[in-house]
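Single-structure report; data block below.
Per chain, numbering begins at 1; letters A, B, ... match sequence-line order. None of the values given here were measured: they were computed from a predicted structure.
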There are 2 protein chains.
Amino acid sequence: MAVNEDPRTLAELLWGLRKPRIRGPRPAYDLARLADTAVKVADTEGLEAVSMHRIAAELGLTKMALYRYVNGKTELMAIMIEAAVGTPPDLSGAAGWRAKLEEYARGLSTAWRRHPWLPSVTVGDRVMGPRETAWAETALSALTDTPLTEHERLDAVMMVSHHIRATHPAATQGTQTWTDGSAAPIMRELLLLNASRFPLLATTVAIPSTTTTREFGLLALLDGLDRTITQRTHNNGDEQTASRPDPP
Amino acid sequence: MAVNEDPRTLAELLWGLRKPRIRGPRPAYDLARLADTAVKVADTEGLEAVSMHRIAAELGLTKMALYRYVNGKTELMAIMIEAAVGTPPDLSGAAGWRAKLEEYARGLSTAWRRHPWLPSVTVGDRVMGPRETAWAETALSALTDTPLTEHERLDAVMMVSHHIRATHPAATQGTQTWTDGSAAPIMRELLLLNASRFPLLATTVAIPSTTTTREFGLLALLDGLDRTITQRTHNNGDEQTASRPDPP
DNA sequence: AGAACACTGTGTACGGTAGAGACAGTTCTG
DNA sequence: CAGAACTGTCTCTACCGTACACAGTGTTCT
């Protein structure tokens, strides 16, 4: 990566603020085409297969020609994300914040199942495009009728997203190292070998799991939000009277 | 990366099962020394500064000499992790599963603050070393007295870890893109510019935050776990009588 | 003691990555 | 029609991880 990492120019690219160029020969392709082929490569061969050379070759271009469209690989990744996220789910069918959040989690999950590289990339400090932003906006809409503050709603939404990300099966993320994945059998073996040092883990991996991490976690998460929400709605009117000082 | 990624040999390295070599000249260094210098470089200059060449040069070695100690960069990373994680916190001082989990979260947080690259690396499908495993064992011990099943306890522990990871300030992980980080001001600007499309987000970023995401999230998480735990302890004896069929 | 052997560290080379900069060709604008 | 602006290509650099042959060094066996 290089000195090109100017977030402002990236933002202009993502939000359609690049001034259209008139003079000179027409570009053979456009950003959408670039993004689509890159997404296709990532979907079928994994994210590590996406290199400047590879994508350029896929389009019948030289590697350096790509730099006429994007300022670097960071920008290519950004437009890939925008192309892949799609549109957020419709939450209007679900009644109540809890059902809406569950629906949102489902939507996130299916989108990520379609593009398994997506969760590992839509992370960290970065400029987001309008389509990805729309997801966050949709998620926030699930909590508008709750007594949570604006930032608490955002926190709650992020919690749900992170949980789905962490339990994403094909992710390079927080897969359950102990029970799933290619390293799991080795870990199991090592734990049973050292059962005296790690008795709790050893017994755990010896037992087959009946529940899924994702469901259990989401349940706990929503239960926890429910607690503060119901608590605040009940104390809503009382709080003022209770905190009102007695007249002298 | 190469064909070297054999998880078995990695496991042997991490768990001290490498047969000690006697013949030939003594190696100038050992794995601990390698790991320590690599950790130091990662701590001071970031994880991307850790390359085979860099670490070798730091030790006064040729790049290729490192391959006499580790089979590749994957193994180097693995021993770096083992060297950096340290020992898990002592939870015996905390009373009850909730306080214990909070203490565990605190310990995780301080360990990751010391080595900001650690959370982004201790993730995904991989073989873990004994010291990292000890952390998981410790975390599990917090929940031994709860009516949760073994796998549910593991799930709960993973949830807490993921949450701390996701809210880790210096992480390449799920920092709050909207409110923190270098891209945040740009996102704020874009949202206020497009406030009609993203009203909820726009109002949110316009308001200063009073609470921290980490605390709010951990609260919700533990509240959620509390619900199932207390629910099950109360229904413990009743459940059998309630589910017992009436005599005909 | 001497030979055989095993191991360490070095030098060179390879294929991969992202990217800079000069250049030729094309197309629009004045 | 001429000049300006733009596209795509070519060559080059600087990294990265890693394979492999080789020289030197120390241990072990005879």
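No donor-acceptor contact under 3.5 Å links the side chain of Lys73(B) to the base of dT18(D).
Here the shortest heavy-atom pairing between Glu75(B) and Arg18(B) reads OE1-NH2, 3.2 Å.
When heavy atoms are screened at a 4.0 angstrom cut-off, Met52(B) is found touching the sugar-phosphate backbone but no base atom.
For Tyr67(B), counting side-chain heavy atoms from C-beta on, the closest listed nucleotide (dC6(D), dA20(C), dT18(D)) is dT18(D). Side-chain atoms of Met64(B) lie closest to dT12(C) of the nucleotides dC16(D), dT12(C), dG8(D). You'll find that the side chain of Arg68(B) is closest to dA21(D), out of dT26(C), dG21(C), dA21(D). Set against dT10(C), dA18(C), dC16(D), the side chain of His53(B) has dC16(D) as its closest nucleotide. Among the nucleotides dG21(C), dC6(D), dA19(D), the one closest to any side-chain atom of Pro25(A) is dC6(D). When distances run from any side-chain atom of Ala65(A) to the nucleotides dG19(C), dT18(D), dT9(D), the shortest one goes to dT9(D). If you check dG9(C), dC28(C), dT18(D) against the side chain of Leu61(B), the one that comes closest is dG9(C).
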Test salt bridge (Lys or Arg N to Asp or Glu O under 4.0 Å) applied to Lys40(B) and Glu58(B), step by step: CA-CA 10 Å; Lys40(B) 198 168 294 176; Glu58(B) 205 78 16; over 6 Å; no
Criterion side chain to side chain contact (heavy atoms under 4.5 Å, CB included) on Trp112(B) and Arg165(B), from CA distance to verdict: CA-CA 9 Å; Trp112(B) 283 347; Arg165(B) 189 196 318 275; 3.7 Å; yes
Test side chain to side chain contact (heavy atoms under 4.5 Å, CB included) applied to Val50(A) and Leu76(A), step by step: CA-CA 10 Å; Val50(A) 176; Leu76(A) 177 65; 4.2 Å; yes
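At whole-Å resolution of the value, NZ in Lys63(B) and P in dC16(D) are 8 Å apart. Rounded to an integer number of Å, the gap from Tyr69(B) OH to dC7(C) P is 14 Å. One atom, CG of Leu59(B), and another, P of dT8(C), lie 15 Å apart when rounded to the nearest Å.
The side chain of Arg26(A) places an N or O atom within less than 4.0 Å of a non-bridging phosphate oxygen (OP1 or OP2) of dC28(C).
Sequence order on DNA chain C of the closest nucleotides to Arg54(A) and Ala28(B) puts Ala28(B) first from the 5' end.
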